[in-house]
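Presented below is the structure to which this report refers.
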Amino acid sequence: MTAQDEPSFVSSSYFGQFGGRFAPETLVPALDELTTAYKKIQGDASFWSEFDSLSHDYSGRPTPLYFAEKLTDHCGGARIFLKREDLLHTGAHKINNALGQGLLAKKMGKQRIIAETGAGQHGVAAATICARLGLDCVVYMGEEDIRRQSHNVFRMKLLGAEVFPVSSGSKTLKDAINEAMRDWVTNVRNTYYLLGSVVGPHPYPTIVRDFQTIIGKETREQVMAKCGRLPDYIIACVGGGSNAIGIFHPFLKDTEVQLIGVEAAGRGIAVGKHAAPLIAGSIGVLHGAKSYVLQDEAGQIRETASIAAGLDYPSVGPEHSYYKTTGRIAYDAVEDKDALSAFLLLSQIEGIIPALESAHAISYAGKIASSLGKDKIIIINLSGRGDKDMDIVSEAMEKKQ
Amino acid sequence: MSRISSIFSQPGHKAFIAYVTVGYPSIEATLSTVSLLAENGCDMVELGIPFSDPIADGVTIQKASFHALKNGVTPERCLAVARELRQQVSIPLTFMSYFNPILHYGQENFCNDCASSGIDGLIIPDLPPNEGGELESLTQKHNLDLIYLLSPASTEERIRLIAQRSRGFIYLVSVTGVTGARNALPSDLKVFLSRVRKVSKQPLCVGFGISTPEQAGQIATVADGVIIGSRIIQLMDSGEPDTAQQIQDFARGVRKELDQ
Ligand SMILES: Cc1ncc(COP(=O)(O)O)c(C=O)c1O
């Protein structure tokens with residue numbers, strides 16, 4: 001697919017009917033400024049050579065495409081490959097976007113960076129890049145997430161970031177974004193908002209996607225080199241949707257490749273305690289974009305639940321909503337307990353401890369792999385590693401016993 | 001002329017616009033406070049429809065919104081409150097709401113129900129004109145004023161756009177920031193107002209951060225009206241038996257400063 005075939009360009013704020021810029025007037029000029037700056041770097045060879053060289057030497061790209069032989073044997077069907085974003089510096093794909101936007105902020109002459117974080121992975125990535133580029137960093141994080149991902153809070157502080165606990169609402173990612181937006185509205189003239197996923201007002205969904213498509217571009221080359229053909233399935237977890245769109249995007253026009261995004265079914269879709277807006281939500285506006293949203297009859301945003309803090313969000317990137325309606329990407333959801341089993345399984349048979357977020361994709365892939373022939377190829381985006389999740393998992397295992 | 005425009009038709013009259021969150025601390029308090037404000041020199045009231053994620057609001061209105069939501073306040077109940085108030089007061093009433101509850105209600109139905117409930121206009125802090133086309137034509141069909149906001153960060157181009165599209169008046173946000181009472185007025189307010197005056201003959205009302213009658217008076221020397229929200233919520237908040245008296249004194253104080 002050439003760029004022109006895609007609905008999503010930096011000059012358009014919409015993906016079909018989704019996206020847009022439902023933001024306070026104070027932010028509109030800043031979003032325009034960001035759009036202009038982002039357009040400008042498109043043709044700026046020095047920007048991209050710095051991005052490439054830091055991606056390579058600092059973040060650790062390219063990440064391997066690993067044939068998970070033991071997982072494949074265990075499932076007894078399709079061959080399963082893992083795109084190893086977990087091996088990146090700081091432990092998740094989030095660094096790709098943080099690096100890109102950090103360099104962009106620097107180009108724009110913004111010294112103060114703000115970010116939100118759920119699992120803490122984006123916060124750590126932002127704090128890391130700010131340390132490296134000499135920028136000031138403030139991270140907003142819900143109190144509930146601070147409690148369950150405390151390890152990452154310490155890392156951010158160590159890296160020189162200031163971490164502000166957010167005590168409003170559900171005290172999770174949604175509320176951290178609210179607070180980051182309030183900060184941005186207040187300090188818009190000198191502050192760059194380094195948003196961590198493909199959500200928010202235009203142009204964020206496009207910018208974040210573009211910095212994450214490196215995952216899919218590498219995957220494409222690697223699978224061609226290893227298997228001589230494209231995969232049958234690519235599976236990724238979807239919180240805001242950045243790791244998923246990053247690996248899917250370069251395969252969108254290859255209709256023989258089935259793309260599946262996996263949301264968090266939490267304690268169950270039926271009991272209403274989940275974070276699956278694409279599966280169980282309706283169209284609404286949150287954080288500046290029109291997309292699928294979990295909301296009640298009165299249009300209030302509903303509380304979410306997931307064992308994975310990074311998936312615990314009531315909306316999703318507008319581009320995913322678009323591909324849901326076109327049918328190009330399929331979406332499903334995996335419950336906490338199944339993600340946990342997949343977490344343990346991958347740790348025990350592959351010696352790879354995945355992030356709880358990524359474990360949702362592993363669980364889903366495991367389920368379909370067994371029913372597929374050995375000639376089929378599945379690629380899972382292993383978006384991050386699970387070091388941050390030790391407390392949650394040990395707590396959950398104790399409860400089980 | 002719309003009920004909102006008529007506030008600005010008397011030369012020299014400065015508008016006092018108040019904001020309350022519907023259902024904070026109770027529906028009864030909203031009803032009595034709006035009447036009290038109307039009797040004591042307030043020209044218009046913005047009825048805030050509470051929202052779960054009020055990104056343009058500071059702590060005072062956030063807290064009021066969460067409280068109101070806990071009390072079960074919905075857009076339907078806000079419309080019912082408007083209908084009841086319309087029997088009691090003749091001043092214009094607007095809704096201040098984030099966009100999602102309106103989108104979810106259905107934009108057409110919402111405008112229709114607003115008009116039949118005696119609402120005169122809408123203020124939507126997360127709906128810039130670029131996204132407001134559909135709601136704009138629906139509001140016009142139902143004779144509602146869709147009031148857009150301008151920020152000191154707005155460029156000349158956006159000032160022109162908003163001046164052209166706003167109805168009733170233009171809501172000038174005094175500072176880049178969220179709602180909330182502040183001690184000092186921003187120093188560049190005069191410059192901001194004159195930038196807007198250059199391209200617009202619309203009435204200009206200033207809101208966000210105004211907390212005393214004296215500040216209101218100062219702003220009225222350059223603006224056509226002032227909008228006070230968080231300070232009124234704080235007064236309603238005090239929990240003291242003489243809350244009504246305090247609100248009355250405050251409203252009269254503002255009126256007096258504006259009339260000087
Ligand atoms: C490892 C990992 N995977 C996935 C996500 C979800 O984000 P997204 O859907 O934007 O990839 C997070 C977010 O914190 C994460 O840390």
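Chain identifiers are assigned alphabetically (A, B, ...) following the order of the sequence lines, protein sequences preceding nucleic acid strands; residue numbering begins at 1 within each chain.
Contacts with chain A (heavy atom to heavy atom, under 4.5 Å) involve these residues of residues 160-182 of chain B, listed by number: B/I162, B/T176, B/G177, B/V178. Near-neighbour residues of residues 93-112 of chain B relative to chain A, defined by a heavy atom under 4.5 Å from a heavy atom of that chain, comprise B/F99, B/N100, B/P101, B/L103, B/H104. Residues of residues 185-195 of chain B lying under 4.5 angstrom from chain A, judged on non-hydrogen atoms, do not exist.
Note on A/E297, A/E179, A/R302: by heavy-atom pairs under 4.5 Å with chain B, the leading option is A/E297. Heavy-atom pairs under 4.5 Å with chain A were tallied for B/L69, B/I55, B/T155; the largest tally goes to B/I55. In terms of heavy-atom pairs under 4.5 angstrom with chain B, the leader among A/P29, A/S170, A/G20, A/P201 is A/P29. Ranking B/L149, B/V59, B/T74 against chain A, the residue ahead of the rest is B/L149, based on heavy-atom pairs under 4.5 Å.
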(request) Please report the C-alpha distance between A/L294 and A/S315 in whole Å, then the side-chain angles of each, then the deciding distance to 0.1 Å, and finally whether the side-chain contact (heavy atoms from CB on, under 4.5 Å) criterion is met. (result) CA-CA 6 Å; A/L294 293 173; A/S315 187; over 6 Å; no

(request) Output, in order, the C-alpha distance, side-chain angles, deciding distance and verdict of side-chain contact (heavy atoms from CB on, under 4.5 Å) for A/H287 and A/F22. (result) CA-CA 7 Å; A/H287 296 148; A/F22 297 84; over 6 Å; no

(request) Using the salt bridge (Lys or Arg N to Asp or Glu O under 4.0 Å) rule, take B/R197 and B/D224 through it: C-alpha gap first, then chi angles, then the decisive distance, then the call. (result) CA-CA 11 Å; B/R197 293 257 190 245; B/D224 304 301; 3.0 Å; yes

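A/Q121 places no side-chain N or O within 3.5 Å of a backbone atom of A/G310 that could act as its donor or acceptor partner. One N or O on the side chain of B/T30 and one on the backbone of B/G23 form a donor-acceptor pair closer than 3.5 Å. A donor-acceptor contact shorter than 3.5 Å is absent between the side chain of A/D175 and the backbone of A/G142. Checked by atom type and distance alone, the side chain of B/T139 pairs as donor or acceptor with a backbone atom of B/E136 at under 3.5 Å. For A/S291 (side chain) and A/V316 (main-chain N/O), a donor-acceptor pair under 3.5 Å exists by modelled atom type.
At a threshold of 4.5 Å between non-hydrogen side-chain atoms, the residues A/R148 and A/T172 count as touching.
For A/N190, the CG atom sits in a packed shell: over 12 heavy atoms of surrounding residues, nucleotides or ligands are nearer than 6.0 Å.
Defined by atom type and a distance below 3.5 Å, a donor-acceptor pair is present between the side-chain atoms of B/S211 and B/Q215. Between the side chains of A/E25 and B/S154, at least one donor N or O sits under 3.5 Å from an acceptor N or O.
Residue pairs meeting the salt bridge (Lys or Arg N to Asp or Glu O under 4.0 Å) criterion with at least one partner in residues 70-79 of chain B, sequence neighbours excluded, do not occur; the list is empty.
Only the backbone of B/P50 has a heavy atom closer than 4.5 Å to any heavy atom of chain A. In this structure, chain A has a heavy atom under 4.5 Å from the backbone of B/P125, while its side chain stays farther away. There is no contact between B/I124 and chain A, counting heavy-atom distances below 4.5 Å.
A salt bridge is absent between B/R83 and B/D113: the closest approach of a Lys/Arg side-chain nitrogen to an acidic carboxylate oxygen does not fall below 4.0 angstrom.
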